[in-house]
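Bear in mind the structure is a predicted one, so any value in this text is a computation, not a measurement. Lettering follows sequence order; numbering is per chain, from 1. Because only heavy atoms are used, hydrogens play no part in the values below, and waters and symmetry mates are left out as well, while side chains stay in.
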Amino acid sequence: MAVEAKPLYSSKATEHQETNAEELRKEHLMLDPMPRDEMNQMVMNAMHTTTKKYWVFLIGFGLAVVVLLFGAWGYMIANGMGVAGIRRPVFWGIFIVTFVFWIGISHAGTFVSAILRVFKAEFRRPFTRAAELMTTFGLAAGALYPLIHLGRVWVFYWMIPYPNARWLWPNFRSPLVWDFLAITTYLLSSTIYLFLPLMPDLAMARDRTTGWRHAIYKVLSLGWRGTEAEWLRLRKAIGIFAFAIIPVMFSVHTIVSWDFAVTMVVGWQSTIFGPYFIIGAILSGVSAVVTILYIIRSTMKNFDYFIRPEHFDGLGKLILIFSMAWAYFFFNEYILSWYGGEEALKQLLTLHATGPSAWVWYLMLICNVAIPWLFLWNKKIRRTPWIMFIITLLVNVGMFAERYTIIPLTLGHQRNPFDWGIYNPTIVEISIVLGTLCLFIFLYLLASRLIPLVPVWEVQEGQMSHTFRKVGKTEIPSVTELE
Amino acid sequence: MSDNISRRDFLKLSGLGITAAAVMTGCGPSSRYVVRHAYVDMPEYNQTGVSTFYATTCQECPAGCGIIVRTQEGRAIKIEGNPNHPVNLGKICSRGLTSVQGLYNPDRIGGPQKRSRGEQNITPMNWEDAVTVVTNGLANSGKVAFLLGLTSDHLFDLVTEITTAANSMPPFRYSSLATLEGRATLVKATEEMFGKPNLPYFDISNSDVILNFGASFLETWISPLAYSRGFKNFRKQKFGKRGYLISFEPRQSLTSANADLWVPALPGSEGYLAMAIGKIVAQIKSLPIPLMYENITISDASKISGVSETKLQEIAEIVARAEHPIAIPGGGALVTENGLQTAKAILGLNILHKNLGVPGGVYLTNGDSPTTNLDEIAKLIQEMNAGNIATIFIHGTNPVFELPKSLGFTEALKKVPTVISFSSFEDETVIESDYVFPDHTGLESFGYQRVLAGSDREAISSVQPVVQPIHDTKATVDVFLAAATSVGGDISAKIKYTDEVDFLQQKITPLLDSGGFYNAPELPTFWSKWLQYGGWWKPEMGLEIPEDNNQLSEKIDLKLPKQLSENKEFHLITFGTQMGDGHGANRPWLQETPDPMTTLTWNSWIEINPDTADKLGIHDDDIVSVASTTGGESIEVVVYRYPAIRPDCVAMPFGQGHTALGRYAEGRGSNPAEIWSSLLNQAGNLAVFETKVSITPTGKRRPLARQESKAGVYGEH
Amino acid sequence: MAEKEGKEKWGMVIDLDICTGCQACVTACSMENNIPFVGEDEMAYGRGMQWMRIRRYWEGEYPEVAPAHEPMLCQQCGNAPCEPVCPVFASVHSEQEQINLQVYNRCIGTRYCANNCPFSARTFNWFDYELPAPMNSYLNPDVSVRRRGIMEKCTFCVQRIVKGRQNASASGREIADGEVVPACAQACPTDAIVFGNLSDPESRVSQIARSDRAFRELEELGTDSRVTYLKGGKNYGS
Amino acid sequence: MEKNIRMVLFKEDQIDQASEAIETLHHQGISEKDISIISGVPFSEKILGRPAAWTNIPIFGIAGALVGLVIASLFNFLTPHLYKMTVGGMPLTPIPTSIVVTFELTMLGLLISILLGVIIEMISPSSGPKGYHPKISDGYIGILFTCPAATDEKTCLELQDMGAEIVDPAEVKQP
């Protein structure tokens, strides 16, 4: 680190290096500043480094998308929904489960970068972009499902409100139309929200590339120079977005939950579904951020500088909190249903816990409650990335199991026992589900080499505003408000 | 819906908000003349075309229900009941409804064929050659046999004329349905009791208690639609009175399921029960105990049948209190070794109550009942085996499928040089035939059907084609008439009909002025009314009244039902389903319409009491091997744990297990006829319920296609 | 149009005391409404297309065991839960007949309506079920043949209602009671199914529906179903 | 009078010098509108002693939200009246469901219009001297100023004394 005077850095701190400060520096990215040009170079390097392995994975996942997703989907379109395992009375199966799952995942980006931004949680800085990318791609994968699960996908546009030759407008009283509007809103806004803070970094990339990349970055960065007016504009836009996208995020998952809660289905009709789904979504989303950060950190060049145990630690705490909140909502939902004593509901809850698919229910509780509660209180575990990777993967397995319990397992046991039915997903359904997972990974792999995964300017801004301040005998980090 | 808004309003509104839509969609010069509406209506609001309705008779079973067929553009669309017809009064069952699936079945035989037996080696023929083959068969009049089904009465009449003229063997008639109904036994019992070989008519509409011994009259028994209507009237009598149905049956059929009291009695013990009830009723009513019922003690009856004495007492009291209790002998009670005596004991209960020829009582129908006893079929098989049959004509029945394997019909058939089938479908018998000369299906044919037991009046139901024959088929009557003309000899001399219609017209000429609900001065008018109304019948109720000739003084001898070793040997109950005698199995909608009791589709199954199944370690959907303990033949069939069957009985539906009969029938389930015992009762009726079987799990499983949720209904997963 | 409203409100009464459970209504419905058969495997997997099904539970233990049959079809709810959830107005309430209609050509197959039907009365075309020639000849020209990917259900034989109305208006009169009969009621061997106009208090169906045995399935959900059942039972009236 | 656009760069930690430099330029008689500051990280105007910049983004947002609101109202209250479709016994235009649609479309309008606003403002001509240097994204603070051609060398040298790097005019171009 350069020793020259930095207005925003306490020069004393550099002179009197104490072990405490040294440790803190190692610990916190914000206290471990690096010159801009070096940081740029690191990010650009990470972006440009493509190993053979990378190409194998990229092409492999690309092929998987074509075969698993589009192949199976095409087969289903050609033959009919019957190739999926859904049946009377389980008319929604793993497609809607995965839909809700992806929409849940997509909450992470917004949560991390909007809510943490609003509350100025500094540790967010290096991974907001990674989380926002997850939002966008998660939504892209999830938004396919309302199409995939349509019986006649070739007329999906009949849901879109526009003046048409049929002289018909969609039914704005239908939660599916709300869904359509909410997801469109969220997809567009989260993409914009990804794009806005990206502009300065695109400009940075533009300055460091030639050829086709340069051309693309030039267009995308909209001629960014970094004038005061531009920064102000950007700050204003991000400011408005960070506030506006939070209610949109809440509304999206609430509306997704209303797809279920407005019905007469036993076990769906619940007033608590909105917040219950939101908490579940954030739990699953934040966990997915950790999973992805681990992968990025261990596969991409220079990322161990940006992503540090402190980030796993912070996110781990969040996961623990949301796991507790989720358990609270789950219990709330459960005890009230149980206490009400409605025959069908009681039967349903009993079947969830003792029926042939009870393992799904227990998987949900183990992964969503037991595992986070048992492990995440421990700082050492929270700071060990690979353990966090496993735990967060399991949390998402649990969240998938939760949606599976709520959708096909609940639909299968309604008021008329004569019509009960057990749903088994078919190979086609599983293939499509894996296909969207591959799509997500494929897009992420592609994006990791096309856009700077770290918002360099935000990290720089953060590092500039962090400093050591002497208090009594020791120096402690302090944050300056730059904006 | 779209009328709710005038065009003007519509344009006004759309002008406000969706000018864009108008610009996009309402452009072009022609749009001024076309009134467009939003795409809001269901297409069912647009009607096209006019239908033509034809009255004819359902040929799916011998009950002779009148149907009205809706046709449009020369196609038969929908079968509806004929509201005027005395049998069904506009109602219709599943079998009748699906007869269009027989007519338009993709597996129909398209024209006359010469075949190699047992092979798929088929040579198409033309009808001239076919008639020559039939002529050659008829020429050898001493060695010709006819095996007919219970439908196509006019064909039976013609063949009878031919055999009479040629002095050859009279035609045989066989239907497994009639066997399961115990029809021959009932006719025989009626003959012995009342002196007439006719089916009795049970007026359940007006009776207040029904003692039903094994007759599944809501499903297949004799005339299910007529009895279903009777059941309705029985339940909905004047002043809110509701009849009380008591049903004795080892396995709960749909009829027993609708009973107020189902008594699971051991098969073969129904006679004892009837006697015991008769005895107690006589005691209650302080009548002298008739000889017929004297020879029984209540405790014996209880021990033999497994029905408790208190229950017997209770039932007898209900019967004694009733005004018109009616006792129906049918099905299961009759197809045991005791069948004939049982039938008499049951019919006797009606005499005990003086319930003959009164509303709510028993009547006798007119006309003879065309049922061949199985002992005669057995004789035919002997003749065949002896080489005395050169040509056999088979029409309207599928003996290879329907006769018990132990009878050896299939083997006997191999000894007959020429086997000619008139089947419309490639069934099991066609496979074993040399020639198929396909008849029209019921909806393409002319004919008549005598109504036997479903009508409270004399009735003949007319059959007429509702569509043009869709294949190169020929009416069998016409084939025989053509052959009869060319064969020469006595037949040509005596059979003088130009064609089928001529034959029919000559046959119905006697009805012209015999007091039907319409009369006509001459044949053409009569003929048109005959076709228009779907038959001819008397305007008011009129049946023969059976006489009380002290029949109750006849003693009854019953054999004790055989003892079975527990959990090793079981009574096999075979019950009729919507597949009828088995030819319904190629109607996909009959296959897919669930069985009323088990909700199973597309397969056959064996019903086992869950307790028994537990003892044998058998689960639902297990495949078990069911072996006859007398004959040794065995079949494999899937288990359905059925809560409403005696633990010492197992039950199988009849009609599945086809090895031929087209794509919808083949390879589904198994045919209990393969393990039926060939034991006959005193009436010559096959004693189907005397079949004893052992059950062995095979370790294989096959899920049955059930409509119910096993988890939901039985709590099993 | 306005004064015409409220003249028709079709309804059905099913008397469970005389319903034998014989399934004739099921077949009749299937044959009238061009319902495809699906075969054994699909039936086994709960994909039967029957618009009308006879639900059969068991009551009691052997030997006092008996099945309880109950024909179950679309209840044509006045406040139908299936209707508002459809994004494209494929499930709508008909103003004229006061029944619930599924407009096939508008359906996109979200299957939401089927989830929300408390009676499981809706069926979905999982595949194109083609009838091999010449079996397609019996298809009823008044009823649309549905293709894969759309929802369908009992229509109260709306094609017969329309035809009845046309016949009546051609002869300048009102539709007579009993003039319009759906296929199930027409076939029912015991006349357990009675169909008619509930808005006419004198019609047969209205009279029977006032029976003290009358109940409606899941009435507590408030869907205002138009099918009334008359309680059956071994001990009634005996 | 001929005017030249010149650019000087300060390292990012020379923020104090940069603000001094701006003051120096003011002393040179170069007005605020002839100066633009470009940087790789945002510095508020106060730090550099510059007048507050100005943007229309919030106005775009409000306009977009209003458009969304109007469209939502048309969807909710107009389209159901085009043809009457009763569903589930609900009124034709129920308020509770319309709130959902209104919220979503208003937010959609707001958020899309902000992007539009950013794009429009980015491509519309900006005030102040134009020019860019790739070093900006390496963390340099660039000061662009327009001054009379006669004095530009002098001014630059003056700034150089304060630690600025002088960029060759040929290198100052649009990105």
Side-chain angles (χ1 to χ4, degrees), chain A residues 77-93 96 146 149-160 166 168-180 259-260 262-266 268 342 344 407 410-412 414-424, chain C residues 38 41-42 44-50 53-57 68 70 72 77 80-92 103-129 147-151 217-218 220-223:
Chain A
I77 291 171
N79 287 285
M81 282 307 286
V83 301
I86 38 180
R87 54 171 291 181
R88 170 150 74 187
V90 189
F91 284 93
W92 285 355
I96 303 294
H149 100 122
L150 282 187
R152 296 206 292 170
V153 65
W154 48 93
V155 289
F156 79 92
Y157 58 88
W158 289 3
M159 257 200 291
I160 303 172
R166 287 162 282 119
L168 280 178
W169 292 85
N171 176 8
F172 292 103
R173 282 158 275 180
S174 164
L176 290 187
V177 170
W178 308 343
D179 240 8
F180 174 79
D259 284 351
F260 309 106
V262 299
T263 64
M264 286 200 167
V265 173
V266 174
W268 282 6
E342 192 196 324
I407 301 165
T410 297
L411 278 177
Q414 287 300 303
R415 294 182 180 88
N416 311 313
F418 186 81
D419 298 321
W420 284 1
I422 290 178
Y423 159 81
N424 295 312
Chain C
V38 298
D41 294 342
E42 293 290 295
Y45 198 58
R47 286 178 177 176
M49 301 294 292
Q50 289 97 341
R53 293 165 304 141
I54 313 274
R55 283 208 312 226
R56 195 240 46 221
Y57 295 105
E70 181 181 17
M72 185 42 67
C77 304
C82 56
E83 289 166 355
V85 297
C86 179
V88 290
F89 285 122
S91 176
V92 290
V103 186
Y104 310 124
N105 42 7
R106 212 155 57 214
C107 176
I108 58 174
T110 66
R111 303 184 299 289
Y112 198 176
C113 51
N115 280 341
N116 206 12
C117 175
F119 307 97
S120 307
R122 293 178 156 258
T123 62
F124 186 70
N125 284 270
W126 302 104
F127 297 102
D128 278 330
Y129 304 97
R147 73 178 301 186
R148 68 177 190 273
I150 63 167
M151 199 43 89
E217 269 295 318
L218 300 177
E220 70 274 17
L221 295 181
T223 62

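When every heavy atom of C:Asn115 is checked against every heavy atom of A:Pro89, the shortest pair comes out as OD1-O, 4.0 Å. Nearest heavy atom pair, residue C:Arg111 against residue A:Gly151, reads NH1-N, 4.0 Å. What you find for C:Pro87 and A:Val177 is that their closest heavy atoms are CB-CG2, 3.5 Å. Considering all non-hydrogen atoms of both residues, A:Asn416 and C:Ser120 come closest at ND2-OG, 4.2 Å.
With a 4.5 Å cut-off on non-hydrogen atoms, A:Pro417 touches chain C through its backbone and its side chain both. At a 4.5 Å heavy-atom cutoff, the contact between C:Ala121 and chain A is made by backbone atoms alone. Contact of C:Arg122 with chain A is made through the backbone alone, with heavy-atom distances under 4.5 Å. Only the side chain of A:Arg415 has a heavy atom closer than 4.5 Å to any heavy atom of chain C. For chain A, the nearby parts of C:Pro118 are the backbone and the side chain; heavy atoms of each come within less than 4.5 Å. At a 4.5 Å heavy-atom cutoff, the contact between A:Ala84 and chain C is made by backbone atoms alone. Neither the backbone nor the side chain of C:Glu42 comes within less than 4.5 Å of any heavy atom in chain A. Only the side chain of C:Met151 comes within less than 4.5 Å of a heavy atom of chain A; its backbone N, CA, C and O stay farther away. Both the backbone and the side chain of C:Arg55 come within less than 4.5 Å of a heavy atom of chain A. Contact of A:Trp268 with chain C is made through the side chain alone, with heavy-atom distances under 4.5 Å.
With sequence neighbours excluded, the residues satisfying side-chain contact (heavy atoms from CB on, under 4.5 Å) with A:Leu150 are A:Val153, A:Phe156, A:Met159, C:Ile108, C:Thr110.
With chain C as the partner, the residue from A:Ile77, A:Val265, A:Ile86, A:Ile96 showing the most heavy-atom pairs under 4.5 Å is A:Ile86.
Residues A:Trp92 and C:Tyr112 place their aromatic rings such that the two centres sit under 6.0 Å apart.
Atoms CG and CH2, from C:Asn105 and A:Trp158 in turn, are 6.5 Å apart once rounded to the nearest 0.5 Å.
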request  = With side chain to side chain contact (heavy atoms under 4.5 Å, CB included) as the test, would you mind laying out the steps for A:Phe418 and C:Ile54 before giving the verdict?
outcome  = CA-CA 10 Å; A:Phe418 186 81; C:Ile54 313 274; over 6 Å; no
